[in-house]
Number of protein chains: 2
Amino acid sequence: MGKVKVATPTTNPSDLCCRPFTAGVLSAADAEELATTFKALADPARLRLMSMVASAPDGEVCACDLVEPSGKSQPTVSHHMSVLVDAGLLTREKRGRWAWYRPVPERLDALRGVLAP
Amino acid sequence: MGKVKVATPTTNPSDLCCRPFTAGVLSAADAEELATTFKALADPARLRLMSMVASAPDGEVCACDLVEPSGKSQPTVSHHMSVLVDAGLLTREKRGRWAWYRPVPERLDALRGVLAP
DNA sequence: ACAACAGATCGACACCCGTCGATGCAACTC
DNA sequence: GAGTTGCATCGACGGGTGTCGATCTGTTGT
């Protein structure tokens with residue numbers, strides 16, 4: 001029987017710290033947390049990987065289908081995906097020997113909420 | 001009479017390259033451009049500076065009022081502000097010996113548009 | 001049990017980036 | 001004109017990051 005390991009998200013789903021920064025000056029701690037999330041999106045390779053997952057017809061995508069179209073090596077892809085998962089932007093579910101990724105819309109919504117009211 | 005130099009935005013106001021990445025896989029070029037913008041927000045110090053400008057009561061803020069509350073040196077603040085201006089997130093206007101910064105809402109809106117439909 | 005395979009981890013390398021003191025530059029004051 | 005002030009630029013240092021080849025771990029198939 002196939003083993004299934006659901007990824008434990010390093011951070012909670014949609015609770016991003018901050019209100020829109022129109023609403024006041026960010027604390028040092030809040031800024032730190034927010035920056036980590038933006039940092040995950042601040043790389044071209046990760047943005048492309050992110051868009052591959054977000055635009056997947058089935059709502060999920062296998063890691064094996066990311067290496068070739070991304071043009072990066074397998075370790076590099078694995079690294080980038082871990083960064084995105086740690087940032088709470090994706091979830092990883094390991095089914096058999098394959099890893100499947102899904103977007104976390106709540107996280108993206110929370111991010112958008114910071115950029116404006 | 002006071003001299004006034006209006007900042008020339010390095011990039012155009014609101015034309016951020018990309019549609020929401022739910023809509024398809026980003027091209028390498030688009031990903032590069034988007035990443036530059038996110039990179040500007042991927043630093044705690046810049047996020048705090050950004051929030052100081054965005055939440056300014058008068059809609060603008062003087063650079064002289066940013067050094068002390070940010071806790072960074074004057075050259076560091078100047079560097080961060082340049083990054084934000086180059087990313088099109090802020091505009092700089094030099095009046096006399098002071099530099100005044102304003103947010104660029106269209107740019108933030110465009111960014112939000114990428115994060116979701 | 002053994003081979004094949006997907007993916008994560010490790011080690012190493014080059015490069016970028018945040019930071020600050022010192023300096024340069026332009027505008028205002030006297 | 002000389003001094004002052006606000007800001008940008010320069011040079012240098014330290015730490016972080018993207019990248020890949022090699023290796024390890026765990027699963028499937030024979």
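Chain letters run A, B, ... following the sequence lines, proteins first and then strands; every chain starts at 1. Worth saying up front: this structure is predicted, and the values here are computed from it rather than measured.
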- Note on the structure: Against the side chain of B:Y101, the closest entry in D:dT17, D:dA8, D:dG6 is D:dA8
- Query: Is the shortest side-chain N/O distance from A:R92 to OP1 or OP2 of C:dA8 below 4.0 Å?
  - Reply: yes
- Closest listed nucleotide, where the reference is the side chain of B:S82 and the choices are D:dT9, D:dT19, D:dT27: D:dT9
- Gap between atoms CG and P, on A:D86 and D:dG18 respectively (whole Å): 13 Å
- Considering all heavy atoms of both residues, which atom of A:C18 and which atom of A:V114 are nearest to each other, and what is their separation? O-CG2, 3.6 Å
- Which residue pairs pass the side chain to side chain donor-acceptor pair (under 3.5 Å) test when at least one of the two sits in residues 62-74 of chain A, sequence neighbours left out? A:S73-A:T76
- Message: How close do A:P44 and B:A31 get, counting heavy atoms only, and between which atoms?
- Response: O-CB, 3.6 Å
- Is there a path from B:L66 to B:V85 through hydrophobic residues (I, L, V, M, F, W, Y) whose side chains come within less than 4.5 Å of each other? yes
- Can you figure out which of C:dA8, C:dC17, D:dC7 approaches the side chain of A:A99 most closely? C:dA8
- What heavy-atom pair brings A:K39 and A:R46 nearest, and what distance separates the two atoms? O-NH2, 3.2 Å
- Task: Let me know the distance between CD of A:E93 and C1' of C:dA8, rounded to the nearest Å.
- Result: 17 Å
- Closest non-hydrogen contact found for B:L111 with B:F38 is CD2-CZ, 3.6 Å
- Query: Has the side chain of B:R48 got a donor or acceptor atom that lies under 3.5 Å from a matching backbone atom of A:D30?
  - Reply: no
- How close do B:A99 and B:R92 get, heavy atom to heavy atom, and via which atoms? CB-CD, 4.2 Å
- Looking at A:A56 and A:V61, what are the two nearest heavy atoms and their distance? CB-CB, 4.3 Å
- Between B:L66 (CG) and D:dC7 (P), how many Å, whole number? 9 Å
- Item | Separation of atom CZ in A:R97 from atom P in D:dT27, rounded to whole Å | 11 Å
- Task: Measure from NZ on B:K39 to P on D:dT17 and round the result to the nearest Å.
- Result: 12 Å
- Query: Taking atom P of C:dA6 as reference, at what distance in whole Å does atom CH2 of A:W98 sit?
  - Reply: 8 Å
- Selection: residues 70-79 of chain B, any non-hydrogen atom under 4.0 Å of DNA chain C: B:K72, B:S73, B:P75, B:T76, B:H79
- Query: Can you check the B:M81 CE to D:dT9 P distance for me, whole Å?
  - Reply: 14 Å
- Going by heavy atoms closer than 4.0 Å, what residues in residues 40-61 of chain B are next to DNA chain C? B:D43, B:A45, B:R46
